[in-house]
2 protein chains.
Amino acid sequence: MSAPASKSPATLHDVAREAGVSLATASRSLNGSARKVNEAYRQRVVEAAQRLGYTTNLFAQAVAKGSTTTVALLVADIADPYFSSIAAGVINAASEEGLVVTIAVTGRNAQRELDTVRALRGQRPRVMILAGSRTTGSAFEEQLRLELSSFEDTGGKVAFISQDAAPFATVLLDNYGGARDLAVALAGLGYRDVAVIAGPPEIRTAEERLDGFTEGLAEHGITLPPERIIHADFTRDGGYRGTQELLASGASVDLVFAVNDVMAVGVVSALRDAGIVPGTGIGVAGYDDIPTVRDITPALTTVRIPLEDVGRRALQLATGTAYDGGTAGVGAGPEAIPTETIIRGSTPRR
Amino acid sequence: MSAPASKSPATLHDVAREAGVSLATASRSLNGSARKVNEAYRQRVVEAAQRLGYTTNLFAQAVAKGSTTTVALLVADIADPYFSSIAAGVINAASEEGLVVTIAVTGRNAQRELDTVRALRGQRPRVMILAGSRTTGSAFEEQLRLELSSFEDTGGKVAFISQDAAPFATVLLDNYGGARDLAVALAGLGYRDVAVIAGPPEIRTAEERLDGFTEGLAEHGITLPPERIIHADFTRDGGYRGTQELLASGASVDLVFAVNDVMAVGVVSALRDAGIVPGTGIGVAGYDDIPTVRDITPALTTVRIPLEDVGRRALQLATGTAYDGGTAGVGAGPEAIPTETIIRGSTPRR
DNA sequence: CTGTTAGCGCTTTCAA
DNA sequence: TTGAAAGCGCTAACAG
């Protein structure tokens with residue numbers, strides 16, 4: 001009795017016919033906002049839709065309404081726990097609002113980021129969220145700004161996650177302050193001879209953390225000699241290699257700060273592979289508090305960012321759903337996300 | 001001189017007018033397949049588009065063409081490295097083909113998975129990729145099959161990642177074989193008193209790995225008593241708690257196999273927190289070879305799955321781009337992805 | 001090769 | 001309230 005596999009999805013038209021009502025009525029019963037349709041009709045339409053296995057064609061709906069239900073998320077690397085945690089937050093928040101999120105990866109490449117933004121505009125997303133690694137000094141930066149401004153001029157909303165992004169909404173991460181606090185805490189634990197495995201100089205987040213950390217040390221009268229700052233890739237392998245370089249230099253240090261946790265994980269492995277037990281003799285600290293750092297040995301001292309929240313905030317900021325999540329008082333605004341220093345086994349008191 | 005922020009994106013119409021050509025010509029120069037348009041015109045159109053900051057409205061295009069450029073990916077948890085690595089593969093492969101991927105998370109909840117599939121159909125994706133954790137025995141299973149079949153009947157393509165999914169294309173993961181090989185290798189290293197932290201019984205992947213492992217042990221004359229099989233959540237915390245339970249039972253074991261790496265990471269942490277040094281006395285093994293397991297201490301013995309490849313394969317399988325990636329000979333087909341036992345420090349020879 | 005003209009599936013005036 | 005009809009932005013015959 002079942003009809004042979006038809007070759008295309010049921011349309012609203014089909015539903016209307018099946019229910020014996022007009023297209024308009026069908027539309028109104030299924031998706032219309034202002035409910036002004038006879039319950040009896042509505043019933044029949046819904047049943048007909050059910051029977052035909054009808055699902056609204058979101059694209060067609062978008063075209064007709066002139067607005068979509070899409071959120072575009074750009075990340076450097078979705079396999080990096082930092083970004084995947086943020087993505088989880090964005091996706092969860094989005095699905096609560098009936099929005100669908102499309103993810104694109106830019107691989108920390110400014111050119112590619114720009115191209116991606118352009119391509120994504122074709123989707124006419126309601127919101128575009130750019131997570132991570134604003135670079136600085138790139139010729140693309142201005143072009144990106146222009147592209148995004150134009151996107152906003154045509155009704156889109158953009159939200160950045162990271163440092164203040166000029167005219168755009170931003171979920172502010174206080175990289176400077178968090179790193180400063182961390183440095184202060186570590187100095188308090190007795191560390192004095194510090195090295196930093198920093199990121200590529202053009203990654204702003206990395207630089208801010210470096211600066212904040214330096215400042216925190218300075219407050220305790222500790223200086224960070226330039227040769228103790230090693231620039232490396234913003235990845236686990238970057239941390240690993242940076243550490244090898246550090247060790248090769250023969251510098252004698254009692255603490256290594258990597259500007260993010262994935263790098264710090266690399267640091268720990270590199271130390272261990274060099275026969276040094278991290279946490280005894282040399283302390284190690286990171287930044288972000290990605291899930292894994294609890295599970296490496298020793299557990300890593302770091303600065304906690306509530307990653308999932310950050311993602312969720314970014315979405316809400318952009319959609320205007322920015323309810324004040326219980327965080328007492330003061331308006332949402334570009335208030336920085338609170339950061340917390342977490343001391344763990346990788347930096348015992350000296 | 002710059003025009004005041006217009007309130008909606010330039011349309012093809014605008015471009016055509018600006019360039020002084022017809023709509024059709026504009027369309028053809030910008031997106032048309034068969035190139036049959038005077039170069040001079042094309043030039044002008046492209047310039048006009050440029051000037052107006054025009055980008056094709058993909059939705060409208062989709063409606064007109066009756067086909068989209070969207071790929072929908074369903075994962076249990078995007079923050080889980082297993083899934084985020086697969087996602088990376090899917091996204092990369094997709095972007096190479098000019099496809100955009102939207103990600104939805106199901107949280108290992110069959111009901112939610114079904115709902116999500118239904119919602120996603122509204123996007124009329126070209127492809128739907130379901131990664132992970134097929135459950136068994138759920139009443140939703142049949143409904144899901146129906147929904148997906150109907151999706152395919154209306155022109156969509158679906159691909160599963162995991163065990164054979166009946167009528168749908170599948171990137172086959174040889175959970176059974178991989179686990180068996182692992183067990184054999186471990187038995188060869190001298191382990192005899194084994195416990196397994198298994199996943200929830202209804203997760204098929206978990207069960208297959210358990211069965212394969214049991215079989216491998218049996219080949220060496222080792223039996224796995226039922227009380228040595230502990231079912232726990234398929235997460236890091238599941239592994240942690242499962243291990244606590246195991247320890248509390250007082251069982252004396254020399255090896256713990258967790259059916260996936262995130263659980264194994266929990267096992268390692270739980271052992272350590274209980275004052276036991278993993279790798280000395282008790283060996284630990286996992287499954288998947290997610291990136292972090294190289295960096296915990298001791299490095300984890302596991303079964304490698306080329307996660308990114310798997311994601312990429314799934315997409316290619318669905319789009320029919322399934323080129324034979326150098327893997328000598330034999331057709332693509334539902335050949336299982338090759339698996340590899342990786343022995344690391346967590347399971348030294350006894 | 002170019003332009004005209006129907007659609008695609010859905011929403012939304014505007015009358016009835 | 002309901003239905004007819006005019007779009008939304010784009011593509012695809014179809015003539016010219």
Side-chain angles (χ1 to χ4, degrees), chain A residues 6-45 48-49 52-70 121-126 154-156, chain B residues 6-46 48-49 52-70 121-126 154-155:
Chain A
S6 67
K7 217 32 195 157
S8 57
T11 84
L12 187 55
H13 206 104
D14 301 335
V15 175
R17 194 154 32 70
E18 172 87 7
V21 301
S22 78
L23 235 189
T25 303
S27 170
R28 290 193 271 251
S29 339
L30 258 21
N31 321 302
S33 41
R35 51 158 40 275
K36 16 169 66 184
V37 53
N38 181 334
E39 182 55 23
Y41 276 179
R42 215 189 60 80
Q43 201 63 260
R44 284 171 48 192
V45 172
L52 268 45
Y54 170 81
T55 17
T56 306
N57 182 326
L58 291 180
F59 286 10
Q61 193 170 64
V63 173
K65 288 182 131 137
S67 82
T68 68
T69 55
T70 302
R121 284 193 67 185
Q123 294 217 59
R124 302 286 185 273
R126 244 202 196 19
T154 56
Chain B
S6 66
K7 218 28 195 162
S8 58
T11 85
L12 188 56
H13 207 105
D14 301 335
V15 175
R17 195 156 30 71
E18 172 87 7
V21 301
S22 79
L23 233 190
T25 303
S27 171
R28 289 193 272 252
S29 341
L30 258 21
N31 322 301
S33 40
R35 52 154 43 271
K36 18 169 66 184
V37 51
N38 181 335
E39 181 55 24
Y41 275 180
R42 217 190 58 80
Q43 200 63 261
R44 281 170 52 190
V45 172
V46 170
L52 269 45
Y54 169 82
T55 18
T56 306
N57 182 326
L58 290 181
F59 285 11
Q61 193 172 65
V63 172
K65 288 179 129 139
S67 84
T68 68
T69 55
T70 301
R121 283 194 68 186
Q123 293 216 59
R124 302 288 185 275
R126 244 201 196 21
T154 56

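What you see below is based on every heavy atom in this structure, not just the backbone, and it leaves out hydrogens, waters and symmetry mates. Throughout, a chain's letter reflects where its sequence line sits, starting with A, and its residues are numbered from 1.
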Self-check item: Phosphate OP1/OP2 of D:dT11 contacted by B:Ser27 side-chain N/O (<4.0 Å)
Solution: yes
Quiz item: If only side-chain N and O atoms of B:Asn31 are considered, is one of them under 4.0 Å from the OP1 or OP2 phosphate oxygen of D:dC10?
Solution: no
Exercise. Just jot down the side chain to side chain donor-acceptor pair (under 3.5 Å) partners of A:Thr55, sequence neighbours excluded, or say none.
Key: none
Whole-Å gap separating [atom2] ([N]) and [atom1] ([X]):
X       : N      : atom1 : atom2 : value
B:Lys65 : C:dG7  : NZ    : P     : 20 Å
A:Gln61 : D:dC10 : CD    : C1'   : 18 Å
A:Phe59 : D:dG9  : CZ    : P     : 17 Å
A:Asn57 : C:dG9  : CG    : C1'   : 6 Å
B:Leu52 : D:dG9  : CG    : C1'   : 15 Å
A:Tyr54 : C:dG9  : OH    : P     : 10 Å
A:Leu12 : D:dA5  : CG    : C1'   : 15 Å
B:Gln43 : C:dT2  : CD    : P     : 13 Å

Rounded to the nearest 0.5 Å, what's the gap from [atom1] on [X] to [atom2] on [Y]? Could you check?
X       : Y       : atom1 : atom2 : answer
B:Thr69 : B:Leu58 : OG1   : CG    : 5.0 Å
A:Gln61 : A:Leu30 : CD    : CG    : 9.5 Å
A:Asn57 : A:Thr11 : CG    : OG1   : 9.5 Å
B:His13 : B:Ser27 : NE2   : OG    : 13.0 Å

Practice problem: Give the minimum heavy-atom separation between A:Tyr54 and A:Ala10, together with the two atoms involved. | Solution: CD1-O, 3.2 Å
Between the protein and nucleotides 2-4 of chain D, list every N/O to N/O distance that falls short of 3.5 Å.
residue, atom, partner, partner atom, Å
D:dT2, OP2, A:Asn38, N, 2.7
D:dG3, OP2, A:Ser22, N, 3.2
D:dG3, OP2, A:Ser22, OG, 3.2
D:dG3, OP2, A:Thr25, OG1, 2.5
D:dG3, N7, A:Arg28, NH2, 2.6
D:dG3, O6, A:Arg28, NH1, 3.4

